K.L.:
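Please find one structure pasted underneath; my questions will follow.
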Amino acid sequence: MSDHHNTDDSGPAARVKALEALLTEKGLIDPAAIDAIVDTYETRVGPRNGARVVAKAWMDPAYRKRLLADATSAVAELGFAGPEGGHLVAVENTDRVHNLVVCTLCSCYPWPVLGLPPVWYKSFAYRSRAVSDPRGVLEDFGLELPREVEVRVWDSSAEIRYLVIPQRPKGTAKMSEDELAAIVTRDSMVGVAKVEAPRT
Amino acid sequence: MSDHHNTDDSGPAARVKALEALLTEKGLIDPAAIDAIVDTYETRVGPRNGARVVAKAWMDPAYRKRLLADATSAVAELGFAGPEGGHLVAVENTDRVHNLVVCTLCSCYPWPVLGLPPVWYKSFAYRSRAVSDPRGVLEDFGLELPREVEVRVWDSSAEIRYLVIPQRPKGTAKMSEDELAAIVTRDSMVGVAKVEAPRT
Amino acid sequence: MLVVASESAIIATVNGVHDMGGMDGFGAVVPEKNEPVFHADWERRMYALATSVMGAAQVNIDEFRHAIERIPPARYLASSYYERWLAAAEMLLVERGVVTREELLAKQDASIDPAWIANAVANRGPAPIKEKSGSKPPRARFSKGDRVRARNLNPAGHTRLPRYVRGKAGVIARDWGVFVFPDTNAHHAGTKPQHCYSVSFDARELWGKSANASSRDRVLIDLWEDYLEPIAAKSTARSIKKRKK
Amino acid sequence: MLVVASESAIIATVNGVHDMGGMDGFGAVVPEKNEPVFHADWERRMYALATSVMGAAQVNIDEFRHAIERIPPARYLASSYYERWLAAAEMLLVERGVVTREELLAKQDASIDPAWIANAVANRGPAPIKEKSGSKPPRARFSKGDRVRARNLNPAGHTRLPRYVRGKAGVIARDWGVFVFPDTNAHHAGTKPQHCYSVSFDARELWGKSANASSRDRVLIDLWEDYLEPIAAKSTARSIKKRKK
């Protein structure tokens, strides 16, 4: 509710325009560089990167091992790196453990593998309740976990950025790595959803 | 800043008007009773009551003793009672101890002796910092206390309501009880100021 | 804004933004010179309306406080004091069925921004439970000088145990006698009468050694018995047990 | 609103409303279907502006985070995510002297409500102190499996030690190595490099037994060494000493 978007409010739009114009005049920024950054995060860096990492980990046991041991390097093998990706850590969901990632203090998120965070991840509702009532938050996403499953919440308070490796769903044994990558969702890599097998 | 008054905003004014009209129509309130309540707290019940209590305590050692033992009864001796006054407690400032009253959770305040609280008492700034940085808050009021003085903050979280008995200033030995009552300020009875002797 | 509870979302407000003891960032305290009792006529009417209508609507003081706590945080901070009273009064009167949303809106000036008239999050707390009858008058578990620790309670709904004392050690300074328990009373879940104590905490226990406080400074706060646990052999036993793991 | 620090008021923002872990009242999490990366063109520009200009203005990441925390609480909660970035960027660029308030205002559309263009409370934190030179590479004080307690620190200024873990006992799960210390780095008071650990807390230690959590559930949070103290003989000795009083 409070994390509304002022699409119809000229206030921030006018202020950003003023700021960009002023900084351009002073030679502190280059509008073309701004365009390039926008393009990067709108079209190139996003959860498809993370999905490829997860699919490879599902297919390739040696890669999974490297990913769990040093995610920064394992992710770099696929060509993904950049800001907010200097210290990546992968945490794996199993039958016994469910991982969930939050940043209670701001909005830390593993950009190179998931892109920029969605509004719900930055929302006050998520930031406040994910640590104190993770099971309730998961229910907001329609995910009810059995009591026997251990919930591990990772609060990204420092420079470590977490990627959840969701469980590979049953009935996907015959799928290729590319096909698997296509079913891995952003939400499953933050830990608020499971990956579902495609209905055939 | 956030505790602004919407004097120029028709929003709350219109809503209160609607509420009063509706409740009057339904026979749930009597506008004359509303007028009487307003009159009570605008003209009759206020810090002058507390000032009379304090002045009497300064003049009359037996009264002071009764006040410290049972403020509700001692205050009632002067004819003051009513809502938010069922459990009054007086705390006395000395050379060694300075008392300060706050309600961090809402705005609890000893109405029968001090009337309704001022905006600063209800402000987020006061409610948040009075418990964690009382000396800093006192400095906002221009009162710097020596480190040797013990600061006691009373957070009115239950139904007890606190009245601070400020120190009687020097140079007031010849003043009458009425004269003393005239120099006792509201702020001194909340604990954010000292009483000053009149400059002659 | 007319804040009215939706039927579905029943969310706790313990640890709400109203629990601001020890928070930072609200700036300096700015007293107003020659401040009037009310700053606008609607504040006058609102004050008197609230104090007179709550009885008729069978709203107790804890419930009224909780209604204020149920105002969504951003709105809470953006509202003035009597705007919060207004929002709470509307909320409770509509929930009780004393008035309806439609009646309220029909009475209001057509110039009001319709965006303000929206359903808000409900923060009702737990469903009422029945009070046990025939309970004995409660005895005091603690007495003056006892060392106690404020429990780490995070109940769903109203509480008068602020975050800043939870888990902290203090001393019973005085037993105020028996009072109605707000945590249940606010939800019509019983009055659960029990002793309420003045508990004294060292400022440094609450805020750490870096606090801008002398070693003598303290905070005294009134806490109900259910908020407290004794500090004794138990506590030490626990920490020893933990170390053995 | 152009949030610009006034010279006088230097106020801490530890325990600000941004520190919302464990708070309540914000309602349900509501995901947006097919959410775009940005919701408006100004959000696009703002994101890219912030990430590119901070280097030029010599603003480090901790400082940028702290600037967001310095937005007054009511405004913080009322602002959308990129509005907070915008406020922080304006604040820092004006403070650095990269642009002036007047230049910014002159560039803006005259239709903007002048009430939004007001000075806000400054929450700068402590004045910078000089970094000690010639310090040795830091050794780790803790190792995996050590029981630790998060200190009850309430420093003036930026910190990454949230309220909800302070005073709570946990276990070192992993040593992440040496990182710049945000509490000093945000104020240009030195990088103070030190070990940062993944610390595991039982959910019930954090939220009490009433929590809607299984006994296995836990929260892992990354904490710098200066935030931690060992749990050992010391802690037990202290509680015994207190009992003797």
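Quantities reported herein were computed from a predicted structural model and do not represent experimental measurements. Chain A is the first sequence line, chain B the second, and so forth, proteins listed ahead of strands; every chain is numbered from 1.
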K.L.:
If I measure from the heavy atoms of chain A, does D:Val30 come under 4.5 Å with its side chain, its backbone, both, or neither?
P.N.:
backbone
K.L.:
Does the D:Trp207 side chain pair with the main chain of A:Val131, one donor and one acceptor, at a distance under 3.5 Å?
P.N.:
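Yes, the answer is positive, given that a donor and an acceptor are paired below the 3.5 Å cut-off.
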K.L.:
Name the region of A:Leu23, side chain, backbone, both or neither, that has any atom closer than 4.5 Å to a heavy atom of chain D.
P.N.:
side chain
K.L.:
Give, as side chain, backbone, both or neither, the part of A:Phe141 having an atom under 4.5 angstrom from any heavy atom of chain D.
P.N.:
side chain
K.L.:
Decide yes or no for D:Leu86 and A:Leu19: does some side-chain heavy atom of the first lie under 4.5 Å from some side-chain heavy atom of the second?
P.N.:
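Answer yes - side chains close enough.
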K.L.:
Would you say the side chain of A:Lys26 lies within less than 4.5 Å of the side chain of D:Glu103, judging by non-hydrogen atoms?
P.N.:
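Yes - at least one pair of side-chain heavy atoms lies under 4.5 Å apart.
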K.L.:
Between A:Ser107 and D:Tyr81, do the side chains contain a donor N or O and an acceptor N or O under 3.5 Å apart?
P.N.:
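Yes - a donor-acceptor pair under 3.5 Å links their side chains.
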K.L.:
Do the side chains of A:Arg129 and D:Phe26 get nearer than 4.5 Å, heavy atoms only?
P.N.:
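SC-SC contact between D:Phe26 and A:Arg129 ruled out.
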K.L.:
For D:Tyr47 and A:Tyr41, take the angle between the two ring planes, folded into 0 to 90°, and tell me which bin it lands in: parallel under 30, tilted 30 to 60, perpendicular over 60.
P.N.:
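It falls in the perpendicular class, over 60°.
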K.L.:
Measuring heavy-atom distances to chain A, does D:Val98 have an atom under 4.5 Å in its side chain, in its backbone, in both, or in neither?
P.N.:
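Its backbone and side chain both get close to chain A.
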K.L.:
Would you check if the side chain of A:Arg127 reaches a backbone N or O of D:His18 as a donor-acceptor pair within less than 3.5 Å?
P.N.:
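Such a contact is found between A:Arg127 side chain and D:His18 backbone.
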K.L.:
Tell me if a side-chain donor or acceptor on A:Glu159 pairs with a main-chain N or O of D:Phe179 at a distance below 3.5 Å.
P.N.:
no
K.L.:
So for D:Tyr82, is it side chain, backbone, both, or neither that comes closer than 4.5 Å to the heavy atoms of chain A?
P.N.:
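Answer is side chain: those atoms of D:Tyr82 sit under 4.5 Å from chain A.
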K.L.:
Tell me whether D:Arg45 contacts the main-chain N or O of A:Lys17 through its side chain, where contact means a donor paired with an acceptor under 3.5 Å.
P.N.:
no
K.L.:
With only heavy atoms counted, which part of D:Val37 is less than 4.5 Å from chain A, the side chain, the backbone, both or neither?
P.N.:
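Just its side chain gets close to chain A.
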K.L.:
Quick check on D:Ser215 against chain A: is it the side chain, the backbone, both or neither that has a heavy atom closer than 4.5 Å?
P.N.:
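Neither; nothing under 4.5 Å.
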K.L.:
For the pair D:Glu83 and A:Lys122, find out whether any cationic side-chain nitrogen is under 4.0 Å from an anionic carboxylate oxygen.
P.N.:
no
K.L.:
Against chain A, label D:Leu49 side chain, backbone, both or neither, depending on which of its atoms sit under 4.5 Å from a heavy atom there.
P.N.:
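When you check distances to chain A, atoms from both the backbone and side chain of D:Leu49 fall under 4.5 Å.
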K.L.:
So, do A:Leu105 and D:Arg65 sit near enough that their side-chain heavy atoms are less than 4.5 Å apart?
P.N.:
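The answer is no, as the side chains (C-beta and beyond) never meet within the 4.5 Å cut-off.
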K.L.:
Which heavy atom in D:Ser52 sits nearest to a heavy atom in A:Ile37, and how many Å separate them?
P.N.:
CB-CD1, 3.9 Å
K.L.:
Between the side chain of A:Arg147 and the main-chain N/O of D:Ala213, is any donor-acceptor distance below 3.5 Å?
P.N.:
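Yes, the answer is positive, given that a donor and an acceptor are paired below the 3.5 Å cut-off.
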K.L.:
Check A:Cys108 against D:Arg160 and note the closest heavy-atom contact, atom names and distance.
P.N.:
SG-NH2, 3.5 Å
K.L.:
Of the backbone (N, CA, C, O) and the side chain (C-beta and beyond), which part of D:Tyr76 lies under 4.5 Å from a heavy atom of chain A, both, or neither?
P.N.:
both
K.L.:
Is it the backbone or the side chain of A:Ile29 that comes under 4.5 Å from a heavy atom of chain D, or both, or neither?
P.N.:
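For A:Ile29, side-chain heavy atoms alone lie under 4.5 Å from chain D.
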K.L.:
Do D:Leu220 and A:Val153 come close enough that some side-chain heavy atom pair is under 4.5 Å?
P.N.:
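A side-chain contact is absent here, since even the closest heavy-atom pair is not under 4.5 Å.
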K.L.:
Please state whether the side chain, the backbone, both or neither of A:Leu116 comes within less than 4.5 Å of a heavy atom of chain D.
P.N.:
side chain
K.L.:
With no hydrogens and no angle check, is any side-chain donor or acceptor of A:Ser157 less than 3.5 Å from a backbone partner on D:Asp222?
P.N.:
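Indeed, once roles are kept as given, a pair shorter than 3.5 Å links the two residues.
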